[in-house]
Amino acid sequence: MNFLVLGLSYKTAPVELRERLNFASDDPGSVLRAMTDLPGMTEAMILSTCNRVEVYAASKDLPLGCARLQRYMAAYHELDENQVKPHLYVHCGRDAIHHLFRVASSLDSMILGEPQILGQLKEAYNQAESSCTAGPVFNRLMPKAFAAAKRVRNETAIAQHAVSVSYAAVELARKIFGELTDKNVMIVGAGKMCELAARHLTGQQVGEVLVTNRTLARAQALAEQFDGRAVPFAEFPLYLSRADIVLTSTAAGGLLVTRTQLEEVIRQRKNRPMFLIDIAVPRNIDPDANQIDNVYLYDIDDLNGVIETNLRERRKAAKKAEDIIEQEIDRFYSWLRSLEATPMIVALRQQVEEIRRSETEKTLHGLRHLDAGDRRAIEALTLSIVNKLLHSPLSVLKRAGDDITGEIYLEAVRRLFDLNPDPQKSGMDAVEEGADTKQDSIS
């Protein structure tokens with residue numbers, strides 16, 4: 001297949017170079033059209049994120065297409081081609097399809113199993129479609145990539161285990177409380193990590209959100225983000241009994257909450273469970289608080305331990321996901337070969353029918369003494385002979401997509417009968433069927 005991928009990622013290039021090669025253009029359509037204007041280039045799509053910059057393309061000449069895209073990429077960003085080339089990878093044909101399916105399924109992501117990349121890929125495809133740089137190759141291939149990603153997500157546990165501190169905090173809170181609806185949250189400090197964890201927690205439809213910080217204005221600004229309430233830093237211990245979940249991340253350099261304080265708090269709460277996440281270094285909460293019944297305290301090392309365990313689970317899931325990718329690629333090639341068989345069958349039938357008709361007419365022209373019934377009998381005889389002769393080879397060609405030998409049969413028929421069918425005309429029904437599948441896969 002005349003499909004290629006040219007790009008770089010966090011695996012091959014530093015962030016400084018990825019930033020310079022980013023295609024964050026005000027008019028991405030013009031960039032895509034400039035790519036398809038390159039000689040031999042028929043389709044183009046750009047996937048540009050913080051961790052990768054990739055150009056997906058269809059080209060009549062893959063090696064030449066790669067070279068032209070590489071030059072364009074460097075020139076567009078006003079870089080020397082030699083600066084870019086050592087960091088680029090190139091995949092063609094089946095290898096390119098394998099790479100695309102892995103990217104869509106987040107098997108090539110920095111965070112294994114992260115969900116954002118599929119949405120970014122769909123957006124890139126939509127941009128190519130709206131810019132008229134997506135054609136038959138992309139319209140066949142991209143829906144299959146989305147379907148493969150959907151299978152990976154549905155049939156493996158690759159996205160079911162938290163692999164960031166913020167998600168791990170939410171996962172642990174769910175284990176303690178089950179549903180987080182109406183659970184009150186207190187945020188102590190305004191650090192970025194604490195803010196992210198709070199954002200994920202508040203996304204669970206929690207109840208009251210209290211925010212405190214040494215700088216009251218910062219606490220108020222953060223509280224506004226979560227429709228919460230800011231409380232003075234000196235007074236926050238008085239509010240602890242109202243909180244089911246407490247997040248701390250300050251640079252106080254000492255304990256802000258002691259075991260003695262929490263013993264009193266849990267009494268005020270009548271032993272209702274309390275979940276505390278201390279992601280500050282040095283710690284803000286007395287580690288001895290874990291010895292209090294119904295107090296569940298986790299620090300940054302505990303969360304990292306959870307993350308490492310979850311990463312191992314995702315890696316296990318990734319092995320199954322790789323098998324799914326291979327299955328989907330085989331299915332895609334089987335389907336593709338069946339599309340290629342359709343115009344070949346049409347072309348072979350047309351050629352044989354033209355020969356039958358021509359030879360029958362010549363023969364009947366010399367047998368003018370025959371009546372209409374005899375002529376119909378001869379016509380039927382030649383038609384029956386042709387149908388019986390073609391039955392077996394056409395049956396084999398119809399099954400051409402079932403295994404790899406299908407390509408051999410197609411090539412043999414092409415050479416034996418000197419056929420060069422146009423898939424855009426002869427196989428239009430099959431292509432349209434593939435286009436219908438696209439909408440189902442994207443939604």
Side-chain angles (χ1 to χ4, degrees), residues 165-303 306:
V165 167
S166 51
Y167 275 117
V170 175
E171 188 176 271
L172 288 170
R174 279 208 200 98
K175 287 181 180 177
I176 293 166
F177 295 110
E179 289 297 320
L180 300 184
T181 307
D182 298 329
K183 299 301 176 187
N184 296 332
V185 177
M186 174 177 277
I187 304 167
V188 182
K192 189 64 179 176
M193 200 178 293
C194 196
E195 181 183 339
L196 283 171
R199 192 174 302 282
H200 292 307
L201 281 168
T202 53
Q204 305 297 310
Q205 296 181 324
V206 295
E208 183 181 31
V209 178
L210 301 173
V211 183
T212 188
N213 190 58
R214 289 188 184 278
T215 306
L216 184 59
R218 180 73 182 99
Q220 290 169 338
L222 196 57
E224 284 180 13
Q225 292 184 38
F226 305 123
D227 293 325
R229 172 188 169 192
V231 299
F233 189 76
E235 299 175 14
F236 87 84
L238 302 175
Y239 294 85
L240 281 172
S241 60
R242 294 166 61 168
D244 301 295
I245 301 168
V246 179
L247 298 168
T248 67
S249 178
T250 75
L255 298 180
L256 297 177
V257 182
T258 66
R259 174 177 175 167
T260 303
Q261 284 176 307
L262 286 171
E263 285 173 337
E264 177 58 30
V265 166
I266 208 71
R267 275 195 293 270
Q268 293 173 14
R269 289 176 56 81
K270 298 181 180 179
N271 285 321
R272 282 183 293 116
M274 192 174 186
F275 178 46
L276 301 102
I277 310 158
D278 185 1
I279 47 184
V281 180
R283 287 176 289 186
N284 292 154
I285 302 175
D286 187 346
D288 288 344
N290 249 331
Q291 298 174 23
I292 305 171
D293 289 343
N294 291 319
V295 171
Y296 302 90
L297 171 62
Y298 287 81
D299 61 25
I300 191 68
D301 286 347
D302 295 324
L303 292 179
V306 171

Under the side-chain contact (heavy atoms from CB on, under 4.5 Å) rule, what do Ile245 and Phe177 come out as? Steps first, then yes or no, please.
CA-CA 10 Å; Ile245 301 168; Phe177 295 110; 3.7 Å; yes
Test salt bridge (charged side-chain N to carboxylate O under 4.0 Å, His left out) on Glu195 and Arg199; report intermediate values, then the result.
CA-CA 6 Å; Glu195 181 183 339; Arg199 192 174 302 282; 2.9 Å; yes
Please determine whether the number of non-hydrogen atoms from other residues, nucleotides or ligands lying under 6.0 Å from atom CD of Gln205 exceeds 12.
no
Is any side-chain heavy atom of Leu256 closer than 4.5 Å to one of Phe236?
yes
Side-chain contact test, heavy atoms from C-beta onward, threshold under 4.5 Å: evaluate it for Val209 versus Ile187 and give yes or no.
yes
For the residue pair Lys183 and Glu179, what are the closest heavy atoms and their distance?
CE-O, 3.9 Å
So Glu264 and Gln268, side-chain hydrogen bond (donor to acceptor under 3.5 Å, both in side chains) or not? Walk me through it.
CA-CA 6 Å; Glu264 177 58 30; Gln268 293 173 14; 3.2 Å; yes
Under a 4.0 Å threshold between the charged nitrogen and the carboxylate oxygen, would Glu263 count as salt-bridged to Arg259?
yes
My understanding is that only one of Arg218, Gln220, Arg214 makes a side chain to side chain contact (heavy atoms under 4.5 Å, CB included) with Leu216; could you say which?
Gln220
Exercise: identify the closest heavy-atom pair between Asp244 and Asp182:
OD2-O, 4.4 Å
Apply side-chain contact (heavy atoms from CB on, under 4.5 Å) to Leu262 and Asp286, showing your working.
CA-CA 9 Å; Leu262 286 171; Asp286 187 346; over 6 Å; no
Looking at every heavy atom in both Asn290 and Val295, which two are closest together, and how far apart are they?
OD1-O, 3.8 Å
With side chains defined as the heavy atoms from C-beta onward, is the minimum distance between Val257 and Val246 less than 4.5 Å?
no
Main-chain N/O of Ser241 paired with Arg269 side-chain donor or acceptor, under 3.5 Å
yes
Nearest heavy atoms of Ser249 and Ala280, plus distance in Å:
CA-CB, 3.9 Å
State, to 0.1 Å, how close Arg272 and Ile266 come at their nearest heavy-atom pair, and which atoms those are.
O-CD1, 3.3 Å
Taking it one step at a time, do Asp278 and Thr248 satisfy side-chain hydrogen bond (donor to acceptor under 3.5 Å, both in side chains)?
CA-CA 5 Å; Asp278 185 1; Thr248 67; 3.0 Å; yes
Asn213 side chain reached by Leu222 side chain, heavy atoms, under 4.5 Å:
no
Without swapping roles, check the side chain of Asn184 against the backbone of Glu208 for a donor-acceptor pair under 3.5 Å.
yes
Compare every heavy atom of Leu180 with every heavy atom of Ala173, then report the nearest pair and how far apart it is.
O-CD2, 3.6 Å
